[in-house]
Every structure is written in structure tokens, then in C-alpha cells.
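Scroll down for the structure; my scribbles are underneath it.
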Number of protein chains: 2
Amino acid sequence: MPVTLRQVAALAGVSPVVVSRVLHNKALSIHVADQTAERVRQAAKELGYRRNVTAVNFRAKQTMAIGMLHGMGSAIVPLEGGTKYLASLMDGVIGGAFSNGYSVLLCPQLLGNTPVDAVSDGRCDGLILFNVELVQENMDMLSRCTLPIVLLHTPACAFGQSFPSVVCDNEQGIGLAMAHLLEMGHKRIAFIHDEPDDLRPTLNPPTPSELLEASPQRIRSRSYELSTRGSAFLENARHLHLGLDSSDVIHIRQIDRLFDSDYTAALCFHDGVAGLVYDHAAERNVRIPADLSVVGFDSTSFCDGLRPPLTSVFQPLKAMGEKAAEILVSIIREEPNELNEVVFPCGFHIRQSVARL
Amino acid sequence: MPVTLRQVAALAGVSPVVVSRVLHNKALSIHVADQTAERVRQAAKELGYRRNVTAVNFRAKQTMAIGMLHGMGSAIVPLEGGTKYLASLMDGVIGGAFSNGYSVLLCPQLLGNTPVDAVSDGRCDGLILFNVELVQENMDMLSRCTLPIVLLHTPACAFGQSFPSVVCDNEQGIGLAMAHLLEMGHKRIAFIHDEPDDLRPTLNPPTPSELLEASPQRIRSRSYELSTRGSAFLENARHLHLGLDSSDVIHIRQIDRLFDSDYTAALCFHDGVAGLVYDHAAERNVRIPADLSVVGFDSTSFCDGLRPPLTSVFQPLKAMGEKAAEILVSIIREEPNELNEVVFPCGFHIRQSVARL
DNA sequence: GTGAAAGCGCTAACAG
DNA sequence: CTGTTAGCGCTTTCAC
């Protein structure tokens, strides 16, 4: 049986309130006599008193935990995912939460049993959403959610500006990659992604087209296109979109199209896609970067493990996770906060997967 | 203001107790009239009642969360660590926890402010310990901890059998690797690790030697030695321990010793060490596996990213994490449980980093 | 079948 | 400066 305030109070010969004040009250407005305070502290120590956090939270109607919902899509996203993308974000989120006294609750799926409490069942004070599939069902649940929410890696417009969001500047990132490739003498550059080009057909309002435009893939793809159009270098260049399907057969066939073309560089939607290109390049004896230059997106430590190490657009994932946690905490604390969307600029990490032509 | 039981009761014209019974009481011993129950459910739905989890937990003196303490050592272990080792374990822990109704609280560091509540400040019902540095200070804190604890990736003897533990069978794993290397014709096999060969000097009782013997590195190293001795193939073979230091200079020098020797294979303490060997091999134009075969330990997806893909001893990390969570939950529930140490056998994943001689 | 009472541990608000 | 009162939302106990 844990020691309670009451017991400490009894031993110190004061009321529980005084003990609370001495031990927990940060507000210095109310003063306790030094002598009394000392007696209380002594008693607490003697009894090995430890504050009951659950009771405090119950009374304060809080949990001091933020939930990281990383799988409100078709599949649960494992932390051990291909390129450590989520793991990197998580490290940031943990940092941002802990430095504010909050802990992080992992939610690989929805909590609760009924649709009503699926999103928030009272286990946390706020949610960071990662990888929420943009289907009507999820949108509905979130619109009914009373908890503060921050989107991570999803633009605010995907949810009709209902929630603040933290994203990287995809357009600028793609711009960096294109600039580098151009400077290295490439003119025929393919953009490769691994997701179907449109979102789920179940999607209703908010307008599907708006959502479609909001997906990172679309943004990067569009930026790529704009780059090719805008650049004098590429005036007469063609460009190729290769969508990789989840089926391995199609995979290979489509990547083969790339290898059989005269493209000199592949700009990949993310590092994982680049990894696939590497795999098939090895099988086809296509040398990277001699035969084909490759650029990734995200630049997690995954890139260092590849041979040759993958040149990649860098997302400050840790900083983004941290920021998301901080924003969420500030909303929970009801601090004045006009933030809508925080956009982190990307960097560019040059490794060894791009050849100079 | 969230709706409470009281309000539902008022609307349904019953007492709060009845509402609680209808909505939450799984024990069917007490029956509520069907008609009343229906009225209650109706009222709850109408008001959008949602059970206050914090209140339930407060009353039940529980949190329904287990803490994953992954950094009670010298450094905080990032989820985005080199070989996704922790991330894989985490995925297992999350699975084991959620399937039992528990959520997972990430603790990259000690909770609480004072040494007394450093380990457990009431935020969770039990702890899974990963990577606890075996120094006296930590041992003391844990011995004072009143929370159920399960060790993950640390043998029980490291804490004097005080806590149940989940580990892999390091000896058997090394045996698999050695058997494979021997079968592939290798006779001069080096064992490479990246940690200092002894534990912190601050270590007091339990006996340092016992602890030393308990470290995974020492176990694997010893297994390696036994393999070399026991095998007829290796009768006249030498073997080489290379300790890689954290300093990059020494690093390179020591790996150079390997490259300059006549060893044909390197058995690495873990995949990350193998990654370092790969790096320096590239610099020195040592071809893997033509000039040097390499075997790793853990076989996370990190191995697939290397070129050539790294043959590695497989640890069932996800299963181990899951088991740790399950054991912890069963202890929390005070179920009869005589488990002391659960040892998972290793597998062996043959990829492309070992040549036949 | 149903309800009244009591209390989990803590702290805000007020009274002395 | 200190203490009394009251209540957070829920559920167990026991009486009706």
C-alpha cells in the first residue's frame, strides 16, 4: 500500500493540504512556515511518500501524455519500417514531449472499441497524427474528435485546415534535387514513385481534388514537372513518371522501362523507392551512378547503408517531430497559438549516387 | 464538459450504479432488467456518453500502460538507431501490449525528478527494461523499484535473477554462424565487436565477473571461442578478436589489422559492426565476399540494404518484444507465473556476404 | 433488480 | 500561515 498525503500529514502533525502545498505547490504565492515545511519534508522522506500521479491527473482532468497515432490507414506502420522514417519522427516527438513534461503513448491503431471513442478514449491529452489514410471514415472520426490534434507529414489542407500541421517543403526539396542533377549535367530525369497516382475512390467531401493535390507524392511530382518545364536546360527534354506497384512483377517490368530508356537520372519519391531501384539495378547489371544516377528523398541513415550511399533530399524529421509535439503541448495548455502550418525547409545530402555527366 | 455517468443516469431515470453496470460491467452475475438496460443505453447514446478512463484507472489504481525504458544507460537510445534493433523490439512490445489492452509509454530516460521516483513515478503499471547500463547506481534504483519489471535483451543473471528476462540464445546463434562458415570452407575466422571488453569499473556487487559473463557481447565472444576449440576443422586455426573503439582513428587501424591478416571471414558482434567492416572494406578495396566473408548478428532489414546483402544470425526481435510485454502483463495481473528467463532460439539468414572457399 | 453510501488521493476555494 | 470542506467520476458493498 503506497503512502498517501494523509499519512504524511498525520506524522507531521498538519493537514493534508499543507503537505500538498509543501511538496507539490509550485506557486509561491502561499507561504508555509519554514519550520512546518521542514517537518513535512522530513515525514515524507521517512515514510517514503510518492505522489500518486494517477490521482493528480484524475483531479486535473489530464493525462500528461500525448498519443502518437501512427496507423489510421489501411495498414499499421511498423517502427522498423524500411527507411526509419517513422522512427526518426518518433525520436523528435519524444524529445519535444519529454522536455515539456509529457510522455508519449504509442498508438499503432485506434484506441477504444466503438467508433465514437475510437480516436480518443481519454488515454491522452492530444494526438499527433501520422499516416492517416484520407478516407471518409477517418475524416468523420477526426471531425468528431474533441482532442487537440496536430498533423505530422500531412498538409493542413488535407483536412480542410481543421488541424495545425508540420510538413517539410516538398517543392523546395524537389527543387534542390533537380538543381543538383542539372548542375551535374543531367537532362533526362525520371521521377519515380511507388503509390497509385490517385487516392482512394471512397473519398467524398472535402473535395477529392483538393486532397489529391495535398498528398506529398503529388506535390513532389508536380514540383518535378514544374522544374522540367521551367528550366532552359530541359527545354527539349522528356520526363518519365514511373509508378511502381506493390506487385513485384509489375515492379520489375516498370523499372525495366527505366533501365531500357535513355534517362540518366532517377529522382525517387522517397529513399525506399530508391532502394528498390538499387535492387533491380543490381539484377540488371545497371551500375549506379555510372549508368544511372539516383536521388532519394528523406535522407535517413538508410541512405548510408546503401552502396553507393544514396544522395538524398534531407527532411529534418527529428526537428519536425519535436515541433509537432511542442505545438500540440501549447494547444493543450491553451496558450495563444496562431500556427496553422509549419513548413520546414529541406536540405540536400550529397553522397555518391549521382555522377557528373 | 464531458458527459458523466450521473447525467446518463438522470436522463434514464436510474441511479449511476445501474448505468455503470449496464455499460461497463462485464461480470454477468448481476442482472439488470432488459428494459432498464435498454433505456440506459439509449440515454448514453443520446448524450454521447464516453467513459472517463482516467477516473476508472484512478479508482482501480492502475494506468493500463506499460513503460518501455530504453535509455537508462550512458546515452539515450534513439529509435532510429543504426540497425533498427530497438525499433523491431518496439514493434513486438506494442503488439503484445495492445492485444492485452495495455498501451505503451515510451521512456527514453528516467521519469520523475528525484532518485526515488526516477524509475517509476506512477505513470505505468510495469516496465520493460532495454539497455540498462549495469552500473551500481542503476542497480540500486531498480532494486528499490516496486513496479513489475521485465528485462529485454539482458540476461536475468545481470540483475541477480531479480527480474524475468527475454533474450535470444546467443551461443546457439553464434554456433549457427560458425557452422555455416565452416561448411563454406572457412578456417580462419575473426570475431569482431565494438564495445570495450569490460564493463564499467564503477560496478560493485553483484559480482562484476558474473555481470561480465552476462553481457551479450561476452557470451557471443565466448561461444565463438568454444566453437573454434571444439571443431576439428579449426584445430590448427588461429582466431582474432578485434575490438573496435569508438574513436574513428583506432577503428580504421584495427580493421586494417583484419584486412592485412589472412583471415577469410569476419563474424561480427552485431549488424552495425558488419556495416563498419563494409565501409572500410570499400575504402581499402577489399571485396566482400570475394576477399572477405562477413556474417552479422540480428538480421534486421538493415542487412538487406547493404551490398552485398549481409548474411546474419537472426534474432526473432518482434517475438521477443511481444513475449516481454506478455510476461509483464501477466505479472501485473498477478497471474501465477514461474517464468524466469525466456530464451528464443536464433535463426540464420543466408544472404550474399559469405563466399564458398 | 435497484439504489444509497462511501471512498480512491489529491487540491481549489474559502474560512479562520 | 493553517485547516475545513467539498468534489473530480467511478465502482464496490451492502441494504432494500
Side-chain angles (χ1 to χ4, degrees), chain A residues 1-41 43-44 47-64 101 112 117 120-123 125 146, chain B residues 1-41 43-44 47-64 112 117 120-125 146:
Chain A
M1 261 310 99
V3 182
T4 70
L5 267 191
R6 251 183 190 63
Q7 300 174 41
V8 177
L11 181 61
V14 295
S15 82
V17 187
V18 175
V19 179
S20 175
R21 282 206 269 262
V22 173
L23 264 32
H24 311 312
N25 206 12
K26 45 257 135 214
L28 299 173
S29 55
I30 301 180
H31 264 243
V32 176
D34 287 357
Q35 207 183 346
T36 319
E38 194 43 48
R39 237 182 18 218
V40 168
R41 267 187 281 270
L47 262 41
Y49 169 76
R50 311 209 16 222
R51 181 192 215 173
N52 182 327
V53 177
T54 312
V56 174
N57 287 340
F58 164 57
R59 190 170 197 290
K61 297 177 195 302
Q62 63 180 8
T63 65
M64 293 306 283
D117 62 12
S120 59
D121 77 339
R123 267 187 247 250
D125 298 335
T146 54
Chain B
M1 260 310 102
V3 181
T4 69
L5 267 192
R6 251 183 191 62
Q7 300 174 41
V8 177
L11 181 59
V14 294
S15 82
V17 189
V18 175
V19 179
S20 174
R21 283 206 269 262
V22 173
L23 263 33
H24 311 312
N25 207 13
K26 45 257 133 208
L28 298 174
S29 55
I30 301 178
H31 263 243
V32 176
D34 288 357
Q35 208 183 346
T36 319
E38 194 42 49
R39 230 177 30 214
V40 168
R41 268 186 281 269
L47 263 43
Y49 169 76
R50 312 211 14 223
R51 181 192 216 172
N52 182 327
V53 177
T54 312
V56 173
N57 287 340
F58 164 57
R59 192 171 196 287
K61 298 177 194 301
Q62 64 180 8
T63 65
M64 293 306 284
D117 63 10
S120 59
D121 77 339
R123 266 187 249 247
C124 48
D125 298 333
T146 54

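Here is how names work: the chains are called A, B, and so on, in the same order as the sequence lines, proteins then strands, and each is numbered from 1.
Atom pair N52(A):CG and dC10(C):P shows a separation of 5 Å (rounding to whole Å applied). Atom NZ of K61(A) and atom C1' of dC8(D) are 5 Å apart (whole Å). Here dC10(D) presents its P atom at 10 Å from CG of L23(B), a figure rounded to the nearest Å.
In this structure, the side-chain contact (heavy atoms from CB on, under 4.5 Å) partners of E38(A), at least two apart in sequence or on a different chain, are R41(A), Q42(A). Under the side-chain hydrogen bond (donor to acceptor under 3.5 Å, both in side chains) criterion, N57(B) pairs with Q62(B), sequence neighbours left out. Applying the side-chain contact (heavy atoms from CB on, under 4.5 Å) rule to R6(B) yields the partners T4(B), P16(B); only residues at least two apart in sequence or on another chain are considered.
Contact annotation: R59(B) does not reach the phosphate of dC8(D) (side-chain N/O to OP1 or OP2, under 4.0 Å). Taking 4.0 angstrom as the limit, R51(A) places a side-chain polar atom (N or O) nearer than this to OP1 or OP2 of dT11(C). When the side-chain nitrogen and oxygen atoms of S20(A) are compared with OP1 and OP2 of dC10(C), none of them lie within a distance under 4.0 Å. Between T36(B) and dT2(C) there is a side-chain N or O to OP1 or OP2 distance below 4.0 Å.
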For nucleotides 14-16 of chain D, give me every protein contact, N/O to N/O, under 3.5 Å, one pair per line with atom names.
none

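Side chain of F58(A), nearest nucleotide from dC10(D), dC10(C), dC8(D): dC8(D). Side-chain proximity of V18(B) to the nucleotides dT11(D), dT2(C), dC10(C) is greatest for dT2(C).
For the segment residues 9-17 of chain B, the set of residues with a heavy atom within less than 4.0 Å of an atom of DNA chain C comprises V14(B), S15(B), V17(B), in numerical order.
Residues Y49(B) and L23(B) form a side-chain contact, since some pair of their non-hydrogen atoms from C-beta on lies under 4.5 Å apart.
For the pair V3(B) and D34(A), nearest-nucleotide mapping onto DNA chain D gives the more 5' position to D34(A).
Each end of the helix from dG1(C)-dC16(D) to dG16(C)-dC1(D) gets its own axis from five base pairs, and the two axes differ in direction by 40°, given to 10 degrees.
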